[in-house]
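Have a look at the structure below, then the notes.
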Amino acid sequence: MSDKIMIFDTTLRDGEQSPGATMNIDEKIRMARQLETLGVDIIEAGFPIASQGDFESVKSIAESVTNLQVAGLCRSVTKDIDRCWEAVKNAPEGRIHTFLATSPIHMEYKLGKTPDQVVEMAEAAVKHAAKYTSNVEFSAEDASRSDWDFLVRVFNTAIKAGARTLNVPDTVGYTQPHEFYEMIRFLMEKLEMKSDTVISVHCHNDLGLAVANSLAAIRAGARQVECTVSGIGERAGNAALEEVVMALNTRKDLYDIDCDVVTEQLYPSCRRLSQIIGQPIPPYKAIVGTNAFAHESGVHQDGVIKNRQTYEIMTAESIGRQGTEIVIGKHSGSHAIKRKVEELGYTLQDDQVEAMFSAVKELADKKERIHDEDVEALVLEKVYRRRDKFRLRDMSVFSGTGEVPPHAAVVMEFGDEGGDVEVRKNTAFGRGTIDAVFSSIYDLIGYRASLESYTVNAVTSGTDALAGVAVRITHDGFKAVGRANDEDVVRASALALVNALNRLEITREERK
Ligand code: KIV
Ligand code: ZN
């Protein structure tokens, strides 16, 4: 009989530490619900002591899911542990995840503690956490650069103090698959494990080995793997959940291990994250990139036509990419629209289906072919977009190269639709049309954010292709990303900026 691997998703904690991946509470809850649909066992919702905002979001996530364990991260310090439990205690099952560094370099330079003091701190922290719950995880930060015998000492102390899960992080992505395999075997042999003790691994991708190291550890006996959707995370990121799961699935002959992830939800989950953080999935990304099931060379195409398995080791359908293509257009009924939206990973109430039906019809009058990305953009726009503080009502641009510099006229609405709406208008010059539009918007809202990044993608193909624009801005120490799709790239840019500004306002209010 095969064993089961626990999938511990840390997209909302380690993943959110990835530059530009900041999410507000609403977005985190949306992602948490998607992870629940995906079927992961545990989500790490955040680091509650980090700020009031982090505490609130972990608490709200814990209270929004129904069928998941929710972990909070905390240092091995009493006040962190208390705060962590306060945030996760209302989850269907809350977990305290406490960590302490065990490598010589971290103990000496970061903690300023001796190895004996570290063992004492670990013991005290786990004992304190275990007063709240039996679901305690202890992580030996920088384990892969720690002395193996010392790790055994720390972990055995943690087991005695009440830790059920022992996590072995490759914090700096330094280990190699064969070495990590040996390390996990060594720990499995030397630790005084109880019947419910679980060895977990948490691998970073600095050398591009996070997934390989996680799989090596699973072969050696680890039964929890920590990973993130699309592999986002600190620096080069964490092990990508979809890659670990599909490796276990595709090579079940080697691993013989079960996992509860609904693989058909992998692609919708990566899409959902990409929409939320405003960063496109790279086309070459394993499993979920656009190229992952595309065949360019004639020899490959010929093989795939004769038998897909000549060049495909998994089916697109198995990860939730369209198999039976539902084509959405002018004549689609509300059932087809509902099915398409579900295929993209969203669930709609009846009134939301109605709203989507009208929106699709409106778009179908303007566009010949409606792509999945169009439908998804409409779902986000019509169903999920929180009441915006300001909205772009109209705009026009002049792109001159002579004596009249590029300029833009913008009309914006401020306040609640249906309530008191103030309309403001403005024109501004710029170095180009986008610069002029941005200046005009900034003049209207009364402050200027700095633009950290700006990316444009052709979301769909053809001459009526949608331009997808993502911007990252900062103002007053707050960061936000915004994104929008439109047939017109300048308008998409303006909408993305307005989206980012609205999200910045939400974050500012949440932090207050
Ligand atoms: O990378 C790491 O060591 C971590 C721990 C806090 C688990 O993220
Ligand atoms: Zn990490």
Side-chain angles (χ1 to χ4, degrees), residues 6-19 21 40-50 54 58 69-77 80-81 83-84 87-88 95-107 109-111 118 121-122 125-126 129 135-147 150-151 154-155 158 163-175 180 183-184 187 198-214 217 222-241 243-244:
M6 306 275 283
I7 303 290
F8 176 115
D9 177 278
T10 180
T11 305
L12 298 172
R13 198 278 297 169
D14 217 323
E16 212 217 2
Q17 290 171 216
S18 164
V40 304
D41 301 277
I42 306 141
I43 55 171
E44 185 162 60
F47 195 172
I49 196 84
D54 285 58
V58 176
Q69 292 186 41
V70 179
L73 183 68
C74 50
R75 290 168 301 183
S76 289
V77 181
D80 282 37
I81 296 168
R83 194 81 174 133
C84 175
V88 299
R95 173 180 291 195
I96 298 177
H97 177 192
T98 184
F99 73 99
L100 186 60
T102 51
S103 63
I105 186 167
H106 276 234
M107 289 192 288
Y109 293 99
K110 196 181 78 175
L111 300 175
V118 164
M121 279 177 76
V126 175
N135 194 349
V136 177
E137 169 169 342
F138 175 76
S139 278
E141 194 191 7
D142 206 15
S144 54
R145 292 194 297 168
S146 304
D147 176 79
F150 181 61
L151 264 188
V154 178
F155 278 148
R164 199 157 73 186
T165 306
L166 302 166
N167 186 34
V168 189
D170 180 26
T171 303
V172 288
Y174 178 72
T175 201
F180 207 43
M183 185 180 189
I184 301 300
L187 291 173
V198 175
I199 302 279
S200 163
V201 290
H202 173 113
C203 298
H204 278 273
N205 208 26
D206 300 65
L207 291 173
L209 293 171
V211 172
N213 287 329
S214 304
R223 286 297 173 263
Q224 174 177 287
V225 64
E226 303 196 353
C227 40
T228 59
V229 172
S230 293
I232 64 164
E234 188 77 40
R235 304 183 312 281
N238 292 58
L241 185 150
E243 294 176 25
V244 172

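All values reported here derive from a predicted model rather than from experimental measurement. Every number for a ligand or one of its atoms is a count from 1 in the order of the listing.
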Of the side chain and backbone of Arg13, name the one, both, or neither that has a heavy atom under 4.0 Å from an atom of ligand 1.
side chain
So the atoms of ligand 1 within less than 4.0 Å of a heavy atom of His204 turn out to be 1 (O)
Taking salt bridge (Lys or Arg N to Asp or Glu O under 4.0 Å) as the definition, give me every residue that meets it alongside Arg223, ordered by chain and number, with sequence neighbours left out.
Asp3
Considering non-hydrogen atoms only, spot the tightest contact between Arg95 and Val88 and give its length.
O-CG2, 3.9 Å
Distance alone, cut at 3.5 Å: any donor-acceptor contact between the side chains of Asn167 and Ser139?
yes
Residue Asp14 vicinity, atoms of ligand 1 by number, heavy atom under 4.0 Å
8 (O)
Please give me the minimum heavy-atom distance between Gly15 and Ile232, naming the atom from each residue.
O-CD1, 3.4 Å
So which atom in Val168 and which in Phe180 form the shortest heavy-atom distance, rounded to 0.1 Å?
O-CZ, 3.7 Å
For atom 3 (O) of ligand 1, state which one of Thr10, Leu100, Thr171 supplies the nearest heavy atom.
Thr171
Nearest atoms (heavy-atom pairs only) where Thr11 meets Val229
OG1-N, 2.9 Å
List the residues meeting salt bridge (Lys or Arg N to Asp or Glu O under 4.0 Å) with Glu234, not counting sequence neighbours, and say none if there are none.
none
For atom 4 (C) of ligand 1, the protein heavy atom that lies nearest, with its residue and separation:
His202 NE2, 3.5 Å
Metal environment of the Zn ion (ligand 2), protein N/O/S under 2.8 Å:
Asp14 OD2, His202 NE2, His204 NE2
CZ of Phe150: more than 12 outside heavy atoms within 6.0 angstrom?
yes
Indicate, as side chain, backbone, both or neither, the part of Glu226 found under 4.0 angstrom from ligand 1 when only non-hydrogen atoms are considered.
neither
If the cut-off is 4.0 Å to any non-hydrogen atom of Ser139, which atoms of ligand 1 fall inside it?
7 (C)
Using only heavy-atom distances, determine whether the side chains of Thr175 and Ser144 contain a donor-acceptor pair under 3.5 Å.
no
Quick one: which ligand 1 atoms are inside 4.0 Å of a heavy atom on Glu141?
3 (O)
Tell me, which pairs form a salt bridge (Lys or Arg N to Asp or Glu O under 4.0 Å) where one or both residues lie in residues 201-213, sequence neighbours left out?
Asp206-Arg235
